[in-house]
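Since the structure comes first, as structure tokens, the remarks are kept for the end.
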Amino acid sequence: GFSYLTLLRKLTRTAVANIPLIILALVYSRLDITYHVSGSSLRSFVITALTGAGFLAVTGISYIIFRVPFMEVLRRKR
């Protein structure tokens, strides 16, 4: 059956797992990096790609540590 307590636990676990991502986003926004200009370069692309990869890594590691079942959704669709 459906349990509100189970749902609350999963939502809480997901919210707590996203705290490191929120902190990283706040720190990143405070850095005031102005690398993107009109007619951007390979340097801008690399910075953007590395920033995105860093955010994905932090999210993935945080979800693994807090055991958020994000991969189960992908596995069930097969």
_Contacts of L5 that satisfy side chain to side chain contact (heavy atoms under 4.5 Å, CB included) - sequence neighbours left out_ = S3, R9
*asked:* Assigning hydrophobic clusters by single linkage (Ile, Leu, Val, Met, Phe, Trp, Tyr; side-chain heavy-atom cutoff under 4.5 Å), is V16 placed with I22?
replied: no
_Let me confirm one number: the CG-CG distance from L26 to L31, rounded to the nearest 0.5 Å._
11.0 Å
*Nearest 0.5 Å, what's the CG-OH distance between L11 and Y4?*
12.0 Å
*Atom OG1 of T51 and atom CG of L56: how far apart are they, to the nearest 0.5 Å?*
11.0 Å
*Who passes side chain to side chain contact (heavy atoms under 4.5 Å, CB included) against L21, sequence neighbours left out?*
N18, F55, T59
*Under 3.5 Å, side chain of S62 to main-chain N/O of A17, donor-acceptor pair present?*
yes
